[in-house]
Chemist: 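I am attaching a structure below and will ask some questions about it afterwards.
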Number of protein chains: 2
Amino acid sequence: MTTTEQAEPTRREQILATAAELFAARGFHGVSVAELGAACGISGPALYKHFPGKQAMLAEMLVSISEQLLAVGRERVVTADGPAAAVRALVDWHVEFALGHRPLIVVQDRDWESLPEQAREQVRRLQRSYVDLLASQLRALRPELSKPTAHAAAQAAFGLLNSTPRAGHAIDDDELRTLLANMAVAALGATT
Amino acid sequence: MTTTEQAEPTRREQILATAAELFAARGFHGVSVAELGAACGISGPALYKHFPGKQAMLAEMLVSISEQLLAVGRERVVTADGPAAAVRALVDWHVEFALGHRPLIVVQDRDWESLPEQAREQVRRLQRSYVDLLASQLRALRPELSKPTAHAAAQAAFGLLNSTPRAGHAIDDDELRTLLANMAVAALGATT
DNA sequence: CTCGGTGGTGAACGCGCATTAACCTGACGC
DNA sequence: GCGTCAGGTTAATGCGCGTTCACCACCGAG
């Protein structure tokens, strides 16, 4: 909440967006700096005027989405009316985000190992907190669950939610959205 | 079913096993041929006495597990007593395999894009058939489901099942097995 | 004993690619 | 009009890595 800049997509953002799509399609190592530049209308080393390096782009996009996921997730939890509603809200938020940012989702769980050490740790922490957010609501709902079990269940639910951006979509987005959300909450309900 | 060789792990297999673990840990591009050799006790180019190249190793392991997954899956379906039992059997089989071969699972859905074109197609076909296996049983169970919907649901279920090999296991394997299986069938049951 | 093949070795090669260097251009404050 | 600075360009650099080469040692068959 510092300067609150408005929605003219700056050059950096445009680069990050096309990078996300390329990385999602062919993998971080599968796309060269030259290709990425070309896809942005400029070519090759010009990217270094905007980013210190290729890894830095990956880092910036992954850190930022992890932060966003966690921040909004937290907000939805405090806004929610009880643990059951919170679980539902988290699932809805995640599926909304995942369908709206498919490339980022696939990059996030395919290429996070290509991050520079420092950023990798940061993303790991954020992701872990995010999963714990769901796990703790789950445990509030079913106190008999052990912490590791709840964590595993939450992780599995996100696995379900994240699986679909990868697929070619022969199915309507709205239908897919509700399908995934329903499946996820049902799965979470089956954690006896 | 030709010569039916017995269980002395041949050198090729040992290499493939350690390769699977390394690939799973650091990604296909993240492990060099030299490292892989070193991990096998031999070093570097010696691998070329067993495989025509690095990609060939990946290809061999991915094709073989895809085939195994599909073959056993088919068998379990025909053996099963009705669609509901078939769904359950498929889920059980997959979770059993996934927990028994975690590295292969993570490699399979992280690194399949690094396959040589031909093998990539083959794996894609096998995987698609495998998903369709579950999808069709699901449709037999709930005829109101459209084909794309059933397919998406099946894929989501596998996403759930495949998500956990990635996790550090602070939870017992048996408990995890039943947890995942229950979550998966519950999710598949929520496909209204 | 010798000979061929299997599985190993370390050195060399070549390429792709991220990164850097050197240089250019146009917009703008002064 | 003129430095300067942001944003490009192409050419060079250097390195990591997959792959190939030339050579070696053991070993079982003849």
Side-chain angles (χ1 to χ4, degrees), chain A residues 3 5 8-63 107 110-120, chain B residues 3 5 8-63 107 110-120:
Chain A
T3 44
E5 305 185 346
E8 335 130 357
T10 149
R11 197 58 186 271
R12 288 176 62 91
E13 292 171 336
Q14 181 228 341
I15 293 176
L16 284 179
T18 74
E21 270 169 53
L22 286 194
F23 291 167
R26 300 209 291 284
F28 179 73
H29 294 286
V31 38
S32 75
V33 162
E35 284 175 306
L36 176 50
C40 295
I42 66 187
S43 226
L47 294 171
Y48 287 77
K49 293 295 162 78
H50 300 279
F51 297 92
K54 195 189 179 192
Q55 279 189 318
M57 303 183 213
L58 186 66
E60 188 159 325
M61 71 174 92
L62 291 197
V63 168
V107 172
R110 188 184 358 67
D111 289 324
W112 71 276
E113 331 214 38
S114 305
L115 285 172
E117 185 59 25
Q118 188 204 9
R120 176 158 64 240
Chain B
T3 43
E5 304 183 346
E8 335 129 357
T10 149
R11 197 59 185 271
R12 288 175 63 89
E13 294 171 334
Q14 182 228 340
I15 294 175
L16 284 180
T18 73
E21 272 170 52
L22 285 193
F23 291 167
R26 299 209 290 284
F28 179 72
H29 295 286
V31 38
S32 75
V33 163
E35 285 176 306
L36 176 49
C40 293
I42 67 187
S43 226
L47 294 171
Y48 287 77
K49 293 296 161 80
H50 301 277
F51 297 92
K54 196 189 178 192
Q55 279 189 317
M57 305 183 211
L58 186 66
E60 189 159 324
M61 70 174 95
L62 291 197
V63 168
V107 173
R110 190 184 356 67
D111 289 323
W112 69 266
E113 330 213 38
S114 306
L115 284 172
E117 184 59 25
Q118 188 203 11
R120 177 159 64 237

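Residue numbers begin at 1 in each chain, while the letters A, B, ... track the order of the sequences.
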Chemist: Which letter, B, S or -, goes with each nucleotide of nucleotides 16-26 of chain C from 5' to 3', with contact meaning a protein heavy atom under 4.0 Å?
Modeler: --SBB------
Chemist: Please confirm whether the shortest side-chain N or O distance from A:R12 to OP1 or OP2 of D:dG7 is below 4.0 Å.
Modeler: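 So the side-chain polar atoms of A:R12 never come under 4.0 Å of the phosphate oxygens OP1 or OP2 of D:dG7.
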Chemist: Can you confirm if the NZ or CZ of A:K54 lies within 45° of the ring axis of A:Y48 and under 6.0 Å from the centre of its six-membered ring?
Modeler: no
Chemist: Provide, to the nearest angstrom, the distance between the CZ atom belonging to B:F51 and the C1' atom belonging to C:dG8.
Modeler: 16 Å
Chemist: In the structure I gave you, are the side-chain heavy atoms of B:L115 and B:Q55 within less than 4.5 Å of one another anywhere?
Modeler: no
Chemist: State whether B:F51 and B:R12 meet the cation-pi test: NZ (Lys) or CZ (Arg) under 6.0 Å from the six-membered ring centroid, and within 45° of the perpendicular axis.
Modeler: yes
Chemist: Of all the heavy-atom pairs spanning B:V107 and B:A20, show the shortest one and how long it is.
Modeler: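 Of all heavy-atom pairs spanning B:V107 and B:A20, the closest is CG2-O, 3.7 Å.
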Chemist: Please report, rounded to the nearest Å, how far the C1' atom of D:dC17 is from the CE atom of B:M57.
Modeler: 13 Å
Chemist: Answer yes or no: does atom CD of A:E117 have more than 12 heavy-atom neighbours from other residues, nucleotides or ligands under 6.0 Å?
Modeler: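 Yes.
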Chemist: Give the rounded distance in Å between these two atoms: CG of B:L47 and C1' of C:dT9.
Modeler: 13 Å
Chemist: Given side chain to side chain contact (heavy atoms under 4.5 Å, CB included), test B:L47 with B:M57 step by step and report yes or no.
Modeler: CA-CA 10 Å; B:L47 294 171; B:M57 305 183 211; 4.0 Å; yes
Chemist: Using whole Å, report how far CG of B:L36 lies from P of D:dT19.
Modeler: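 Going from B:L36 (CG) to D:dT19 (P), I get 12 Å.
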Chemist: Nearest whole angstrom, please: distance from the P of C:dG7 to the NE2 of B:H50.
Modeler: 6 Å
